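The structure appears below as structure tokens.
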Amino acid sequence: MANEQVRVPDLGDSGKVDVVEVLVTNGQAIAVDDPLITLESDKASMDVPSPLAGKVVEIKVKAGDQVGEGDVILLVEADEAAAEAPAEEEPSETATAQPGAEPEPASSEAPESTGPRRETPDEPAARPAALAPPDTGAVIEQAAHVKAYASPAVRRFARELGVDLSRVQGSGRKGRILKPDVQSWVKKTLAEPAAAAGAALPEMPVIDFSKFGEVERVPLTRVQKISGPNLRRAWLHVPHVTQHDEADITELEAFRQQHKGEAKAEGFNLTPLAFVLKASVAALQKFPKVNSSLDPDGESLVLKRYYHLGVAVDTEEGLVVPVVRDVDRKGVFELARELAEVSAQARERKLKPDQLRGASFTVSSLGGIGGTAFTPIVNAPEVAILGVSRATERPVWRDGEVTGRLILPVSLSYDHRVVDGALAVRFTTYLCQVLSDLRRLVL
Ligand code: CAO
């Protein structure tokens, strides 16, 4: 039996229009009125229904093509019983997307089964082609998506949002998917980002602690409410590893003690932290990957040629991270003065939003308090953070004798997607060399 050509029907005065979806596949059995392709002009979209029953032999168009009235869409090996059916039919006479479907009662979209497949003018005028659909975590399973029972308007809406219709439960008659169903699915998915990524977290149990003893409920501070979700996000997104190391800062400390008085006279404290910032920049310049961020496209790294360092400050309200800018261009005195200023501003809640933005790397120093090592959380999208613990006097075997040295523990947490272990330990090794011998800063 000869194959029948199915052509684009009369489109009114639309001229050439885009094929946005091909709804059938080669070899597929089709019934009269089954939707074959979805066409879209800048004003409307429409499905072209099959004028005959049979088997699809060859598809002549693909998504992205432009077609006009009379262009061949596909070849169909017509069923014998249907062979005498007219080869073409006006789209306005056709039924809805699913065989056997009944007209949809009034809903948020125009009913389709009773009239032309043109959409109502309240549809968005055009697809914002430049806008990527939001990441709803959906991987569109094309075959199932095509089979989903939904109107062109709903298909277009779902396509714009990147929603796989096969995952959406329809609430219309016979399970037809309506626009509100797509909206609810997106809302639900956005509320459960971890679940959408296939990494749902088990719920924490809700426990009434007062059953076990006296308790007091203290509200979280504003800072805690903001920093908590940020820390959690970084913890969940970043595969963390921490590299611990030790720097001999005996000479650095002697130098600091020599100049401490000068700083005091100018009204600020010269602590080891200013030296750590300077040494960190030297290491970042030597290992630029550590001063980078992953591009959100997942394809490249953004290497930063600036050295703005976030410094974690402990305040009564919680952890705040002001940014010291252009550390590479500042001397140790200037840095120490600025550290004193920004930490005072942080504690007095006087920091401006601009002072909290733009860091390329962060240092968190607990050395004034104590500790031997810790694993700070990377301040993503930065890729590394340096933790500093308390320097202690230690007996060290050196030049054939035991001698007392001041040892500073450092801990570099890093994003393992960007920094590998070898790079991390090269970074801390170099950092410790600079801290042990500040002359390296001028090399
Ligand atoms: N080892 C030994 N002594 C240290 C030291 C170290 N690593 N770091 C600082 N000190 C000394 C200082 O020299 C100073 O002593 P002197 O006055 O005798 O010189 C004393 O400890 C106090 O220093 P400081 O803490 O006031 O100053 P700083 O420059 O070291 O730190 C700041 C400033 C703002 C970072 C710090 O006050 C702070 O808030 N640290 C906490 C950061 C934090 O909470 N991080 C955790 C993040 S994760 O939850």
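Computed from a predicted structure; not experimentally measured. Both ligands and their constituent atoms are indexed starting at 1 by order of listing.
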Which one of [options] satisfies the side-chain contact (heavy atoms from CB on, under 4.5 Å) criterion with [X]?
X    : options                : answer
L309 : V323, V281, V276, V321 : V281
V311 : V327, T362, L273, L335 : L273
L412 : L386, L431, T375       : L386

Considering only heavy atoms, does [X] approach ligand 1 within less than 4.0 Å through its side chain, its backbone, both, or neither?
X    : answer
V313 : both
N269 : side chain
L366 : side chain

So, taking the atom named [atom1] in [X] and the one named [atom2] in [Y], what distance separates them when rounded to the nearest 0.5 Å?
X    : Y    : atom1 : atom2 : answer
Q433 : T428 : CD    : OG1   : 10.0 Å
D164 : W185 : CG    : CH2   : 7.0 Å
T242 : Y414 : OG1   : OH    : 8.0 Å

Next item on the list: Could you name the option among K260, R390, R347 that has the heavy atom nearest to atom 18 (O) of ligand 1?
Entry: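 Minimum heavy-atom distance to atom 18 (O) of ligand 1 goes to K260.
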Checklist line | Residue selection (non-hydrogen contact nearest atom 41 (C) of ligand 1) among S365, P409, A336, G387 | finding: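 That would be S365.
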Next item on the list: Taking atom types as modelled, find out whether S360 and H308 have a side-chain donor-acceptor pair closer than 3.5 angstrom.
Entry: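 Per modelled atom types, S360 and H308 side chains form no pair under 3.5 Å.
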Which residue and non-hydrogen atom of the protein lie closest to [atom], and at what distance in Å?
atom                    : value
atom 12 (C) of ligand 1 : T271 CG2, 3.8 Å
atom 31 (O) of ligand 1 : L273 CD2, 3.7 Å
atom 4 (C) of ligand 1  : G367 O, 3.5 Å
atom 49 (O) of ligand 1 : L319 CD2, 4.1 Å
atom 21 (O) of ligand 1 : G368 CA, 3.3 Å

Note to self: Evaluate T271 against N269 for side chain to side chain donor-acceptor pair (under 3.5 Å), listing each step before the verdict.
What the structure shows: CA-CA 6 Å; T271 68; N269 197 2; over 6 Å; no
Next item on the list: May I ask whether atom 26 (O) of ligand 1 is less than 4.0 Å from at least one protein heavy atom?
Entry: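 Given the 4.0 Å cut-off, atom 26 (O) of ligand 1 does not count as touching protein heavy atoms.
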Next item on the list: Verify the contact flag for atom 45 (N) of ligand 1, where contact means a protein heavy atom under 4.0 Å away.
Entry: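 Within 4.0 Å: yes, protein heavy atom nearby.
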Would you mind running through ligand 1 and noting each atom that sits below 4.0 Å from a heavy atom of [X]?
X    : answer
L408 : 7 (N)
S364 : 45 (N), 46 (C), 47 (C)
S389 : 6 (C), 7 (N)
R256 : 13 (O), 19 (O)
S343 : 34 (C)
A312 : 35 (C), 42 (C), 45 (N)

Notebook entry, point to check: Any ion pair linking K352 and D354 (charged N to carboxylate O, less than 4.0 Å)?
Noted result: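 Here D354 does not pair with K352 in a salt bridge, since their nearest N and O are not under 4.0 Å apart.
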Checklist line | Short N-O contact, R256 and E253, less than 4.0 angstrom | finding: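 Yes.
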Next item on the list: Could you tell me how the ring of H240 sits relative to the ring of W235: parallel (under 30°), tilted (30 to 60°) or perpendicular (over 60°)?
Entry: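 Answer is tilted, since the angle falls between 30° and 60°.
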Note to self: Below 30° counts as parallel, above 60° as perpendicular, anything between as tilted: where do the rings of H259 and F333 land?
What the structure shows: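 Correct class here is perpendicular.
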Notebook entry, point to check: For A391 and ligand 1, does the shortest N/O to N/O distance drop below 3.5 Å?
Noted result: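 N/O-N/O distance under 3.5 Å: yes.
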Next item on the list: Keeping the roles fixed (side chain from T250, backbone from R405), state whether a donor-acceptor pair exists under 3.5 Å.
Entry: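 The answer is no, because no donor-acceptor pair under 3.5 Å joins these two groups.
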Note to self: Any atom of ligand 1 sitting under 4.0 Å from a heavy atom of P376?
What the structure shows: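 P376 does not count as a contact of ligand 1 under the 4.0 Å cut-off.
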Next item on the list: Could you establish whether K264 and ligand 1 come within less than 4.0 Å of each other, counting only heavy atoms on the residue side?
Entry: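 The answer is no: ligand 1 sits nowhere under 4.0 Å from a heavy atom of K264.
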